[in-house]
There are 2 protein chains.
Amino acid sequence: MEEGTLKSPSNCAGTVGVDYGDTDPFQWDSREDCQVRQILDRVADKWSLLVIALLDNRRLRFTELRREIDGISQRMLTVSLRQLERDGLVKRTVYPVVPPRVEYELTPLGRTLHTTIRSLVTWTEEHQGEIAAARQAYDAAESGRG
Amino acid sequence: MEEGTLKSPSNCAGTVGVDYGDTDPFQWDSREDCQVRQILDRVADKWSLLVIALLDNRRLRFTELRREIDGISQRMLTVSLRQLERDGLVKRTVYPVVPPRVEYELTPLGRTLHTTIRSLVTWTEEHQGEIAAARQAYDAAESGRG
DNA sequence: CTGGATCCGACATGATACTG
DNA sequence: CAGTATCATGTCGGATCCAG
């Protein structure tokens, strides 16, 4: 199983050698625990991001989520949901009926993250134009230089 | 080359089939442009996240960045920086000296993103304990059900 | 020092088939 | 419907060599 055992050992070896002397705005990576690196990676994951974004304050069924996040495979949706559930961000409710009915919703913890993620999404919405422009400019200059 | 051409064609096919009827909190993925999906993936990237986080309001050299983001390979740092530069988030300054000296800093656009990313990092810092606890609980219950 | 190019393995992800 | 298991593979990312 590709559980959340620990895939990247190198993440915790020396983690990040931040050493500002006094002002250390990013002590999180070297001290605290390298956990932050790992959690960031999980939370900033492509699919997790979308799942959390979609579960605003609604309960969605598996298939509903799958339809909304067009392009996600059943497998990845399952895996993502499992991870989010394990991290206490998403609550999974199974109704013992036939056919099966499973609903997903954000936990209180997940809702606090939703806010942050939402702001990331909003940022992207607002600045996609600038980014597109920057890319064009970059690519133009690039092809110009050969 | 693994440029930012377009790796996931499926991303833009139907993108996300959001269809709430009236209240559509996530129109971004289906309308606007699927760009959002792609940009989100880029800015939420593991290394990009850390790079932007580290370039708070300082200029860092290539090697400095590499040292701070312990665990990143030269290749990925280069790739990440190129992408960020192309997206207009990071400014690259080359000093025509020998040995070469290259410094990186956030652009104004990058600085706006920094704020958002910083809040994501902060969230992770603040809630890593809860997540760890949730994982323990989950794993315990899991092994219990065996 | 800063990178570009290449090679290659590992892991993540998709596709498919099967189950309760 | 909601997964699980298995297999195939594409991509990411590390290691290495080379160049300005």
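Residue numbers start from 1 in every chain, and the chains themselves are labelled A, B, ... in the order their sequence lines are given, proteins ahead of strands. Remember, predicted model here, so these are calculated numbers, not experimental data.
The CG-P distance, from Leu81(A) to dC1(D), rounds to 16 Å in whole Å. Distance, Glu103(B) CD to dG3(C) C1': 16 Å, rounded to whole Å. Rounded to an integer number of Å, the gap from Leu77(B) CG to dC12(D) P is 17 Å. In this structure, Met76(B) places its CE atom 7 Å from P of dG14(D), rounding to the nearest Å. In this structure, the CZ atom of Arg101(A) is 13 Å from the P atom of dG3(D), given to the nearest Å. What separates CD1 of Ile69(A) from P of dA2(D) is a distance of 14 Å, to the nearest Å. Distance, Ile72(B) CD1 to dC12(D) P: 15 Å, rounded to whole Å. To the nearest angstrom, P of dC11(C) lies 15 Å from CD of Gln38(A).
In this model, the phosphate group of dC1(D) is not approached by any side-chain N or O of Tyr104(A) to a distance below 4.0 Å at OP1 or OP2. Here Arg61(A) does not reach the OP1 or OP2 of dC1(D): none of its side-chain N or O atoms lies under 4.0 Å away. OP1 or OP2 of dA2(D) has not a single side-chain nitrogen or oxygen of Arg92(A) nearer than 4.0 Å.
Looking at residues two or more places apart in sequence or on another chain, you find no side-chain hydrogen bond (donor to acceptor under 3.5 Å, both in side chains) involving Thr78(B). For Thr112(B), the side-chain hydrogen bond (donor to acceptor under 3.5 Å, both in side chains) partners at least two apart in sequence or on another chain are Trp123(A). By the salt bridge (charged side-chain N to carboxylate O under 4.0 Å, His left out) test, Glu64(B) is found to be paired with no residue, residues two or more places apart in sequence or in another chain being considered.
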Decide yes or no on side chain to side chain contact (heavy atoms under 4.5 Å, CB included) for Phe62(A) and Gln74(A), but give the supporting numbers first. CA-CA 9 Å; Phe62(A) 185 86; Gln74(A) 186 195 47; 3.8 Å; yes
Could you run down nucleotides 15-20 of chain C 5' to 3' and tag each one B, S or - for protein heavy-atom contact under 4.0 Å? B-B--B
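Between the CG atom in Leu106(A) and the CG atom in Leu113(A) there is a gap of 8.5 Å [rounded to 0.5 Å].
For Asp45(A), whose side chain is taken as the heavy atoms from C-beta onward, the closest listed nucleotide among dT13(C), dG14(D), dG3(C) is dT13(C). Nearest nucleotide to the side chain of Thr78(B), out of dT4(D), dG4(C), dC1(D): dG4(C).
Through direct or relayed side-chain contacts under 4.5 Å between Ile, Leu, Val, Met, Phe, Trp and Tyr, Tyr95(B) connects to Val97(B).
The list of salt bridge (charged side-chain N to carboxylate O under 4.0 Å, His left out) pairs with a residue in residues 88-100 of chain B, not counting sequence neighbours, reads Lys91(B)-Glu105(B).
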